[in-house]
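Working notes for the structure below.
Please read all numbers here as calculations on a predicted model, not as lab measurements.
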Amino acid sequence: MVAELERRYPPSWAEEWDRVGLVLGEPDNPVRRILCVVDVVPETVAEALATGVDMIIAHHPLLLRGVSSVAPTTYKGRIIHQLIKADVALYVAHTNADVAAPGVSDALADRLGLTDLRPLQPARPGTPAAGEGRGVGRIGELPQPMSLAELTRHAATVLPTTAVGVRAAGDPDRIVRTLAVCGGSGDSFLADATAAGVDAYLTSDLRHHPAGEHLATEGPALLDATHWATERPWLDDLAALLRRTSGVQTLVSDLDTSPWTVHAAPPSTGGPAVAEPVADDKEPDREG
(Lines give C-alpha, C1' and ligand atoms only; values in the text may rest on other atoms or scores of the structure.)
Protein backbone atom coordinates (compact mmCIF):
# COMPACT_ATOMS: atom_id res chain seq x y z
CA MET A 1 0.00 0.00 0.00
CA VAL A 2 2.81 2.40 0.84
CA ALA A 3 4.41 1.73 -2.53
CA GLU A 4 1.15 2.57 -4.32
CA LEU A 5 0.70 5.79 -2.38
CA GLU A 6 4.27 6.89 -3.01
CA ARG A 7 3.96 6.11 -6.70
CA ARG A 8 0.97 8.43 -6.91
CA TYR A 9 2.19 11.05 -4.43
CA PRO A 10 6.00 10.83 -4.28
CA PRO A 11 7.35 12.20 -0.98
CA SER A 12 9.94 14.15 -3.01
CA TRP A 13 7.10 16.41 -4.21
CA ALA A 14 6.44 17.63 -0.66
CA GLU A 15 7.74 20.95 0.64
CA GLU A 16 10.97 20.74 2.65
CA TRP A 17 9.19 21.72 5.88
CA ASP A 18 6.52 19.05 5.45
CA ARG A 19 6.35 15.62 7.08
CA VAL A 20 4.78 12.99 4.83
CA GLY A 21 4.86 9.23 4.39
CA LEU A 22 4.45 6.36 6.83
CA VAL A 23 4.15 7.59 10.41
CA LEU A 24 3.08 4.41 12.23
CA GLY A 25 2.72 0.75 11.29
CA GLU A 26 4.73 -2.19 10.02
CA PRO A 27 5.38 -1.79 6.27
CA ASP A 28 4.80 -5.51 5.64
CA ASN A 29 1.48 -5.79 7.50
CA PRO A 30 -1.51 -6.63 5.27
CA VAL A 31 -4.01 -3.82 4.69
CA ARG A 32 -7.62 -4.85 4.10
CA ARG A 33 -9.54 -1.72 5.07
CA ILE A 34 -8.54 1.96 5.00
CA LEU A 35 -10.08 5.16 6.37
CA CYS A 36 -9.25 8.42 4.56
CA VAL A 37 -9.38 11.56 6.72
CA VAL A 38 -8.36 15.21 6.51
CA ASP A 39 -7.18 15.37 10.14
CA VAL A 40 -5.93 12.85 12.67
CA VAL A 41 -7.93 13.95 15.71
CA PRO A 42 -9.61 11.96 18.52
CA GLU A 43 -12.91 11.88 16.62
CA THR A 44 -11.47 10.43 13.40
CA VAL A 45 -9.29 7.99 15.37
CA ALA A 46 -12.40 6.78 17.21
CA GLU A 47 -14.12 6.37 13.83
CA ALA A 48 -11.17 4.34 12.53
CA LEU A 49 -11.19 2.05 15.56
CA ALA A 50 -14.97 1.61 15.42
CA THR A 51 -14.88 0.62 11.74
CA GLY A 52 -11.99 -1.81 12.20
CA VAL A 53 -9.59 -0.35 9.65
CA ASP A 54 -5.96 -1.39 9.31
CA MET A 55 -4.75 1.98 8.11
CA ILE A 56 -5.57 5.68 8.23
CA ILE A 57 -4.50 7.86 5.34
CA ALA A 58 -4.53 11.50 6.41
CA HIS A 59 -3.97 14.74 4.55
CA HIS A 60 -2.64 16.75 7.50
CA PRO A 61 0.43 15.49 9.38
CA LEU A 62 -0.07 14.49 12.99
CA LEU A 63 3.59 15.20 13.76
CA LEU A 64 4.37 18.24 11.62
CA ARG A 65 6.55 19.81 14.30
CA GLY A 66 9.03 18.09 16.61
CA VAL A 67 7.82 16.70 19.91
CA SER A 68 9.85 15.69 22.95
CA SER A 69 7.36 13.13 24.22
CA VAL A 70 4.60 10.83 22.98
CA ALA A 71 3.44 9.98 26.48
CA PRO A 72 -0.25 9.04 26.64
CA THR A 73 -0.76 12.05 28.92
CA THR A 74 -0.26 14.33 25.88
CA TYR A 75 -2.81 15.04 23.14
CA LYS A 76 -0.79 13.53 20.28
CA GLY A 77 0.71 10.86 22.51
CA ARG A 78 -2.75 9.50 23.33
CA ILE A 79 -3.54 9.23 19.62
CA ILE A 80 -0.26 7.44 18.88
CA HIS A 81 -0.79 4.98 21.73
CA GLN A 82 -4.34 4.22 20.58
CA LEU A 83 -3.21 3.51 17.03
CA ILE A 84 -0.26 1.36 18.03
CA LYS A 85 -2.35 -0.69 20.48
CA ALA A 86 -4.97 -1.28 17.78
CA ASP A 87 -2.28 -2.06 15.18
CA VAL A 88 -3.58 0.71 12.90
CA ALA A 89 -1.05 2.22 10.52
CA LEU A 90 -0.95 5.95 9.76
CA TYR A 91 0.18 7.44 6.46
CA VAL A 92 0.26 11.12 5.45
CA ALA A 93 0.06 12.68 1.97
CA HIS A 94 0.11 16.47 2.37
CA THR A 95 1.85 19.01 0.14
CA ASN A 96 2.84 16.19 -2.21
CA ALA A 97 -0.90 15.59 -2.74
CA ASP A 98 -1.50 19.35 -3.04
CA VAL A 99 0.78 19.66 -6.09
CA ALA A 100 -0.17 16.35 -7.70
CA ALA A 101 -2.21 16.35 -10.91
CA PRO A 102 -4.83 15.25 -10.17
CA GLY A 103 -4.52 16.34 -6.57
CA VAL A 104 -6.32 18.20 -3.80
CA SER A 105 -7.23 21.30 -5.82
CA ASP A 106 -8.38 19.25 -8.82
CA ALA A 107 -10.99 17.61 -6.60
CA LEU A 108 -12.08 21.03 -5.35
CA ALA A 109 -12.28 22.38 -8.92
CA ASP A 110 -14.35 19.38 -9.98
CA ARG A 111 -16.93 20.08 -7.26
CA LEU A 112 -17.37 23.55 -8.75
CA GLY A 113 -17.61 22.24 -12.32
CA LEU A 114 -14.45 23.96 -13.58
CA THR A 115 -12.99 22.99 -16.94
CA ASP A 116 -9.72 23.65 -18.81
CA LEU A 117 -7.71 23.39 -15.60
CA ARG A 118 -4.18 24.67 -15.14
CA PRO A 119 -2.09 25.29 -11.99
CA LEU A 120 -2.49 28.54 -10.09
CA GLN A 121 1.20 28.36 -9.18
CA PRO A 122 3.03 25.75 -11.28
CA ALA A 123 5.66 23.65 -9.55
CA ARG A 124 9.01 25.41 -9.80
CA PRO A 125 11.26 24.32 -12.70
CA GLY A 126 14.02 22.03 -11.54
CA THR A 127 12.06 20.70 -8.56
CA PRO A 128 10.95 17.04 -8.37
CA ALA A 129 7.28 17.97 -8.94
CA ALA A 130 7.87 20.16 -12.00
CA GLY A 131 5.94 19.46 -15.20
CA GLU A 132 2.80 17.63 -16.32
CA GLY A 133 0.38 20.21 -14.94
CA ARG A 134 1.52 19.89 -11.34
CA GLY A 135 1.52 22.78 -8.91
CA VAL A 136 -0.51 24.53 -6.22
CA GLY A 137 -4.15 25.43 -6.87
CA ARG A 138 -6.09 25.32 -10.11
CA ILE A 139 -7.59 27.85 -12.52
CA GLY A 140 -10.57 26.97 -14.66
CA GLU A 141 -13.71 28.10 -16.43
CA LEU A 142 -17.15 27.92 -14.87
CA PRO A 143 -19.80 26.05 -16.91
CA GLN A 144 -21.66 29.35 -17.20
CA PRO A 145 -21.07 32.88 -15.92
CA MET A 146 -22.43 33.61 -12.44
CA SER A 147 -22.62 36.68 -10.27
CA LEU A 148 -20.44 36.54 -7.17
CA ALA A 149 -23.59 36.11 -5.07
CA GLU A 150 -24.75 33.19 -7.24
CA LEU A 151 -21.30 31.60 -7.16
CA THR A 152 -21.17 31.87 -3.38
CA ARG A 153 -24.53 30.10 -3.06
CA HIS A 154 -23.37 27.48 -5.58
CA ALA A 155 -20.14 26.86 -3.65
CA ALA A 156 -22.05 26.50 -0.38
CA THR A 157 -24.27 23.91 -2.08
CA VAL A 158 -21.61 21.75 -3.76
CA LEU A 159 -18.88 21.83 -1.12
CA PRO A 160 -19.10 19.68 2.01
CA THR A 161 -21.48 21.26 4.49
CA THR A 162 -20.02 23.10 7.48
CA ALA A 163 -21.43 25.33 10.20
CA VAL A 164 -20.00 28.52 8.67
CA GLY A 165 -20.63 27.79 5.00
CA VAL A 166 -18.97 30.09 2.44
CA ARG A 167 -18.40 33.84 2.65
CA ALA A 168 -17.38 36.20 -0.14
CA ALA A 169 -15.72 39.58 -0.57
CA GLY A 170 -16.35 41.92 -3.48
CA ASP A 171 -19.26 43.27 -5.49
CA PRO A 172 -22.13 40.74 -5.21
CA ASP A 173 -23.11 41.52 -8.82
CA ARG A 174 -19.62 40.99 -10.25
CA ILE A 175 -19.78 38.42 -13.05
CA VAL A 176 -17.43 35.47 -12.61
CA ARG A 177 -16.34 33.39 -15.59
CA THR A 178 -12.86 32.28 -14.55
CA LEU A 179 -12.20 30.97 -11.06
CA ALA A 180 -9.01 30.06 -9.21
CA VAL A 181 -9.22 27.59 -6.34
CA CYS A 182 -6.77 26.34 -3.75
CA GLY A 183 -7.50 23.64 -1.21
CA GLY A 184 -6.41 24.64 2.29
CA SER A 185 -4.85 27.93 3.39
CA GLY A 186 -4.46 30.02 0.26
CA ASP A 187 -3.92 33.70 1.02
CA SER A 188 -0.22 33.37 0.17
CA PHE A 189 -1.38 32.92 -3.45
CA LEU A 190 -3.48 36.09 -3.69
CA ALA A 191 -0.86 37.68 -5.95
CA ASP A 192 -0.90 34.63 -8.22
CA ALA A 193 -4.68 34.88 -8.57
CA THR A 194 -4.35 38.56 -9.48
CA ALA A 195 -1.56 37.88 -11.98
CA ALA A 196 -3.65 35.15 -13.60
CA GLY A 197 -6.43 37.64 -14.31
CA VAL A 198 -9.21 35.46 -12.91
CA ASP A 199 -12.54 36.92 -11.87
CA ALA A 200 -12.61 35.26 -8.45
CA TYR A 201 -10.51 33.12 -6.13
CA LEU A 202 -11.86 30.49 -3.72
CA THR A 203 -9.73 29.13 -0.90
CA SER A 204 -9.76 29.02 2.92
CA ASP A 205 -8.27 30.77 5.96
CA LEU A 206 -8.28 34.21 4.34
CA ARG A 207 -7.09 36.92 6.74
CA HIS A 208 -8.54 40.38 7.26
CA HIS A 209 -5.64 42.61 6.19
CA PRO A 210 -4.32 40.63 3.20
CA ALA A 211 -7.87 40.22 1.88
CA GLY A 212 -8.67 43.90 2.32
CA GLU A 213 -5.45 45.04 0.64
CA HIS A 214 -6.04 42.57 -2.19
CA LEU A 215 -9.49 43.98 -2.91
CA ALA A 216 -8.29 47.57 -2.56
CA THR A 217 -5.82 46.95 -5.37
CA GLU A 218 -8.61 45.60 -7.61
CA GLY A 219 -7.74 41.93 -7.25
CA PRO A 220 -10.25 39.15 -8.02
CA ALA A 221 -13.30 38.70 -5.82
CA LEU A 222 -12.70 36.32 -2.93
CA LEU A 223 -14.60 33.32 -1.60
CA ASP A 224 -13.59 31.80 1.73
CA ALA A 225 -14.71 28.31 2.78
CA THR A 226 -13.47 26.29 5.74
CA HIS A 227 -10.14 24.53 5.49
CA TRP A 228 -11.77 21.12 5.92
CA ALA A 229 -14.43 21.77 3.26
CA THR A 230 -11.85 22.66 0.59
CA GLU A 231 -9.79 19.52 1.20
CA ARG A 232 -12.46 16.93 1.99
CA PRO A 233 -13.38 16.43 -1.75
CA TRP A 234 -9.91 14.97 -2.41
CA LEU A 235 -10.62 12.07 -0.08
CA ASP A 236 -13.22 10.75 -2.53
CA ASP A 237 -10.67 10.79 -5.36
CA LEU A 238 -8.05 9.12 -3.15
CA ALA A 239 -10.46 6.40 -2.07
CA ALA A 240 -11.53 5.71 -5.67
CA LEU A 241 -7.88 5.49 -6.73
CA LEU A 242 -7.03 2.95 -4.02
CA ARG A 243 -10.11 0.85 -4.73
CA ARG A 244 -9.19 0.76 -8.41
CA THR A 245 -5.48 0.06 -8.04
CA SER A 246 -5.41 -2.21 -4.98
CA GLY A 247 -8.95 -3.49 -4.44
CA VAL A 248 -8.76 -2.57 -0.75
CA GLN A 249 -11.97 -1.53 0.99
CA THR A 250 -11.58 2.22 1.41
CA LEU A 251 -13.82 4.40 3.58
CA VAL A 252 -14.01 8.19 3.70
CA SER A 253 -14.60 10.14 6.89
CA ASP A 254 -17.30 12.80 6.74
CA LEU A 255 -16.58 14.06 10.23
CA ASP A 256 -16.20 17.82 9.94
CA THR A 257 -13.03 18.56 11.89
CA SER A 258 -13.28 22.34 11.52
CA PRO A 259 -12.93 24.06 14.89
CA TRP A 260 -15.87 26.33 14.03
CA THR A 261 -19.16 24.67 15.01
CA VAL A 262 -21.68 27.51 15.43
CA HIS A 263 -22.79 30.25 13.03
CA ALA A 264 -25.29 33.05 13.62
CA ALA A 265 -26.23 35.67 11.03
CA PRO A 266 -27.40 39.08 12.27
CA PRO A 267 -30.92 40.30 11.40
CA SER A 268 -31.07 41.78 7.93
CA THR A 269 -30.29 45.49 7.85
CA GLY A 270 -31.40 45.96 4.28
CA GLY A 271 -27.81 46.24 3.06
CA PRO A 272 -26.27 44.16 0.28
CA ALA A 273 -26.06 40.50 1.27
CA VAL A 274 -24.03 38.08 -0.80
CA ALA A 275 -25.40 34.72 0.29
CA GLU A 276 -26.50 32.93 3.38
CA PRO A 277 -23.94 30.36 4.61
CA VAL A 278 -25.22 26.81 4.82
CA ALA A 279 -25.68 25.60 8.38
CA ASP A 280 -24.90 22.08 9.49
CA ASP A 281 -25.92 19.80 12.30
CA LYS A 282 -23.19 17.23 11.85
CA GLU A 283 -20.48 16.51 14.35
CA PRO A 284 -17.83 18.91 14.50
CA ASP A 285 -11.54 19.53 12.08
CA ARG A 286 -6.95 21.70 10.99
CA GLU A 287 -3.97 23.22 8.36
CA GLY A 288 -1.74 22.29 5.83
Side-chain angles (χ1 to χ4, degrees), residues 1-40 44 48 53-64 83 88-111 114 117-140 160 181-184 186 227-228 230-254 286-288:
M1 184 54 62
V2 169
E4 176 58 33
L5 287 164
E6 297 192 346
R7 183 191 68 79
R8 185 66 189 84
Y9 309 109
S12 62
W13 292 357
E15 295 288 342
E16 289 184 4
W17 51 263
D18 203 5
R19 298 293 179 266
V20 301
L22 186 66
V23 180
L24 298 169
E26 294 290 343
D28 295 330
N29 279 1
V31 176
R32 302 176 185 86
R33 178 181 285 189
I34 293 171
L35 179 67
C36 300
V37 307
V38 174
D39 294 285
V40 185
T44 54
V53 302
D54 306 300
M55 185 180 211
I56 295 172
I57 300 175
H59 184 48
H60 292 149
L62 174 65
L63 302 174
L64 181 61
L83 294 177
V88 176
L90 172 60
Y91 187 93
V92 170
H94 189 210
T95 54
N96 49 334
D98 287 334
V99 301
V104 172
S105 290
D106 293 279
L108 175 57
D110 185 62
R111 286 287 184 104
L114 301 184
L117 299 182
R118 64 186 190 277
L120 173 60
Q121 186 186 80
R124 297 186 304 279
T127 62
E132 299 185 20
R134 291 186 286 269
V136 176
R138 292 294 180 267
I139 296 170
V181 300
C182 179
H227 199 116
W228 176 82
T230 63
E231 295 179 327
R232 162 62 183 81
W234 172 68
L235 300 183
D236 291 327
D237 289 2
L238 172 64
L241 170 72
L242 295 177
R243 293 184 196 114
R244 185 172 66 251
T245 58
S246 66
V248 172
Q249 183 180 8
T250 309
L251 312 175
V252 173
S253 175
D254 274 317
R286 170 213 124 115
E287 157 118 16

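- A donor-acceptor pair under 3.5 Å is formed between the side chain of Thr250 and the backbone N or O of Val248.
- Within the model, atoms SG of Cys182 and CD of Gln121 stand 9.0 Å from one another, a figure rounded to the nearest 0.5 Å.
- Under the side chain to side chain contact (heavy atoms under 4.5 Å, CB included) rule, His59 has a single partner from Leu238, Val92, Asp98, Val20, which is Asp98.
- Side-chain atoms of Asp54 come within 3.5 Å of backbone atoms of Arg33 as a donor-acceptor pair (strictly under, hydrogens ignored).
- Using modelled atom types and a 3.5 Å distance limit, the side chains of Glu15 and His94 yield no donor-acceptor pair.
- Using a 4.5 Å heavy-atom cutoff, the side chains of Pro119 and Ile139 are not in contact.
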Item to complete: Walk me through it: do Val37 and Ile57 pass the test side-chain contact (heavy atoms from CB on, under 4.5 Å)?
Response: CA-CA 6 Å; Val37 307; Ile57 300 175; over 6 Å; no

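- Side-chain atoms of Asn96 come within 3.5 Å of backbone N or O of Tyr9 as a donor-acceptor pair.
- Using a 4.0 Å cut-off between charged side-chain N and carboxylate O, Asp237 and Arg8 make no salt bridge.
- Shown here for Pro30 and Arg32, the closest heavy-atom pair between the two residues is CG-NH2, 3.8 Å.
- Between the side chain of Arg134 and the backbone N or O of Ala129 there is at least one donor-acceptor pair closer than 3.5 Å.
- Leu35 and Thr44 make their closest contact through CD2-O, 3.8 Å (heavy atoms, listed as atom of the first residue, atom of the second, distance).
- Using a 4.5 Å cut-off on side-chain heavy atoms (C-beta onward), Val252 and Asp236 make contact.
- Contact detail for Gly25 and Ala89: the closest heavy-atom pair is CA-CB, 3.9 Å.
- Formation of a donor-acceptor pair under 3.5 Å by the Trp13 side chain with backbone atoms of Thr95 is not found in this model.
- Here the OG-CD1 distance, from Ser253 to Ile56, works out to 9.5 Å after rounding to the nearest 0.5 Å.
- Side-chain atoms of Thr230 come within 3.5 Å of backbone atoms of His227 as a donor-acceptor pair (strictly under, hydrogens ignored).
- Between the CZ atom in Arg138 and the CG atom in Asp106 there is a gap of 4.0 Å [rounded to 0.5 Å].
- Here the CZ atom belonging to Arg232 is positioned 12.5 Å from the CG atom belonging to Leu108, to the nearest 0.5 angstrom.
- Arg19 contributes a side-chain N or O that, together with a main-chain N or O of Trp17, makes up a donor-acceptor pair within less than 3.5 Å.
- Taking the side chain as every heavy atom from C-beta outward, Val40 and Leu90 approach each other to under 4.5 Å.
- Under 3.5 Å, the side chains of Tyr91 and Glu6 contain a donor-acceptor pair of N or O atoms.
- Interatomic distance, CG of Leu62 versus CG of Leu24, reported as 7.5 Å (0.5 Å rounding).
- Leu22 has its side chain within reach of Pro27: a pair of non-hydrogen atoms, C-beta onward, lies under 4.5 Å apart.
- Here the closest non-hydrogen pair linking Glu231 and Gly184 is OE2-CA, 3.4 Å.
- The minimum heavy-atom distance between Arg124 and Thr127, with the atom names listed, is O-OG1, 2.5 Å.
- In this structure the side chain of Pro233 reaches within 4.5 angstrom of the side chain of Pro160, judged on heavy atoms.
- Taking CG of Asp110 as the reference point, atom OG of Ser105 lies at 12.0 Å (rounded to 0.5 Å).
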Discussion item. Working note: Glu4 + Leu242, criterion side-chain contact (heavy atoms from CB on, under 4.5 Å); need CA distance, chi angles, decisive distance, verdict.
Written reply: CA-CA 8 Å; Glu4 176 58 33; Leu242 295 177; 4.3 Å; yes

